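The structure appears right after this line, and notes come after that.
Remember, predicted model here, so these are calculated numbers, not experimental data.
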Amino acid sequence: MIDAMDAATIVGYFKGKSILITGSTGFLGKILVEKILRVQPDVHKIYLLVRGIDEPTAKQRVQQEVIDTDLFDLLREKRGKGFQQFVEEKVVALAGDIIHHNLGLETPMLDALAKEIDVIVNIAATTNFYGRYDVSLDVNVMGVKHLCQFAKQCARLKMLMHVSTAFVSGFREGLILEKPIKPGESLREGTFLDIDAELRLVREVKKQLTMTNSSTGGADDDTDKKKTERTAMKELGLQRARHHGWSNTYVFTKAMGEVLLGQLRGDIPVVIMRPSIITSVRADPVPGWMQGTRTIDTIIIGYAKQNLSCFLADLTFVMDVIPGDMVVNAMMAAMVAHSEEKGAQLVYHSTSSLRNPATYNVLYQSGRRHFYENPRVGKDGKVIPTKEMYFFPTIARFCTWSICCSAGSSPSSTTTSTASTSL
């Protein structure tokens, strides 16, 4: 159905719509807000739920962290002097948080929203791979519950779009079907995932930590107590994730969020978008736009500064990155395709796929070509030579190369025997 739609159909869908977006201060959220405002100026309202003590604080956050970014330069240029007025007419900042019942909103505001919202887009998440288990459960799992509870109050709701991650599928190879995760389903054979049990476990562990601190005198001060609890929660998250077959706390709790969404959605049309590693904007509106340093950026920066001479990776492996604007385009198309399909629950993987894989070789060749054509210049005005980088498909080869370097051999002399390739 998505293939049959054209851009005009997708853009037209958002005319007159009221949209609630969570996670708008994040990378993907910003791209979505800008895209809708730019391609469909006749959108009715875009409500942005952000953490803040009050409405002015929330509004200030949206202005500084979303609207004032370079991402909005094209829209700013397009609207000219009327840009700020346009934004104020279309964008409404709400002080709230999905970790709270009723999204942390006062009843009058909640009731008014419920009468108006057509589309809900949940991008809010804590993406710390090794974060606290209690915090990850609050945002990635309980946040979904609270959003579902609100969605059921929305008389005009046509679609709930939930952004997850492709890595809820774990380390499985080959074709991964776009299917919802079933209640109780776990990646480790012989285990059963009980979300309520996980929530109880966290409460019990925190209670035990409090009792231990109280009975023994605990740590010397509140700072030490908080540090002890933070460490315990991080360790518990990893332990539970790996027990059920997931690699880290983030993907584990995102998988639980998907399950809970399936259980609580009722007949609300739901689309789950599972992107892989989201990277910079490919083309629209600012080619190459990136917020901070993300995922593969540290590798590129290391190579650019010539601080990274080698890397443990097989260049034939699929790294699976996806530009942020492509993810947003897929989200918008999916929203339109499945709007008002009562009872529908669809899953889409927004990735490079088996059909069109992006390997580490693509990343290296692109970076190498760029820095050869656009070499860095030092403070003295001299060009900093771009050197080749060495890749090792196994730890054994990397160790051999390291030993040779320690013994005084040059990297180039060991390339043939130990490096996977130097392109």
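Proximity of the aromatic rings of Trp289 and Phe72 is defined here by a centroid distance below 6.0 angstrom, and this criterion is not met. Two rings, from His338 and Tyr348, have their centers less than 6.0 Å apart.
Between the side chains of Gln84 and Gln63, at least one donor N or O lies within less than 3.5 Å of an accepting N or O. Using modelled atom types, one finds a donor on one side chain and an acceptor on the other under 3.5 Å when comparing Thr316 with Asp314.
With sequence neighbours excluded, the residues that form a side-chain contact (heavy atoms from CB on, under 4.5 Å) with Pro180 are Gln345, Val347. A search for ring pair (Phe, Tyr, Trp, His ring centres under 6.0 Å) contacts involving Phe129 returns Tyr250, not counting sequence neighbours.
Ionic pairing of Lys30 and Glu65 is not present here: no N-O contact between side-chain nitrogen and carboxylate oxygen is shorter than 4.0 angstrom. Electrostatic pairing of Glu229 and Arg132 counts as a salt bridge here, judged by a charged N lying under 4.0 Å from a carboxylate O. Between Arg274 and Glu258 there is a salt bridge, since a side-chain N of the basic residue sits under 4.0 Å from a carboxylate O of the acidic one.
By the 6.0 Å contact criterion, CZ on Arg156 is enclosed, its count of non-hydrogen atoms from other residues, nucleotides or ligands being greater than 12. Other residues, nucleotides and ligands contribute over 12 non-hydrogen atoms within 6.0 Å of the NZ atom of Lys158. Leu177 CG: more than 12 foreign heavy atoms inside a 6.0 Å radius.
Taking the six-membered ring where the residue is Trp, Phe392 and Phe398 present perpendicular rings, their angle passing 60° and hence far from 30°. The aromatic rings of His146 and His101 lie perpendicular to each other, with more than 60° between the two planes, well past the 30° mark.
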Exercise for the section: Might you work through the side chain to side chain donor-acceptor pair (under 3.5 Å) test for Tyr133 and Gln239, ending with a clear yes or no? Expected result: CA-CA 10 Å; Tyr133 194 29; Gln239 176 191 341; over 6 Å; no
Could you pull out every donor-acceptor pair under 3.5 Å between side chains of residues 10-25 and any protein atom, sequence neighbours left out?
{"residue": "Tyr13", "atom": "OH", "partner": "Ser339", "partner atom": "OG", "Å": "2.7"}
{"residue": "Lys17", "atom": "NZ", "partner": "Tyr13", "partner atom": "O", "Å": "2.7"}
{"residue": "Ser18", "atom": "OG", "partner": "Glu116", "partner atom": "OE2", "Å": "2.9"}
{"residue": "Thr22", "atom": "OG1", "partner": "Asn122", "partner atom": "OD1", "Å": "2.6"}
{"residue": "Thr22", "atom": "OG1", "partner": "Ile123", "partner atom": "N", "Å": "3.1"}
{"residue": "Thr22", "atom": "OG1", "partner": "Ala124", "partner atom": "N", "Å": "3.2"}
{"residue": "Thr25", "atom": "OG1", "partner": "Arg61", "partner atom": "NH2", "Å": "3.4"}

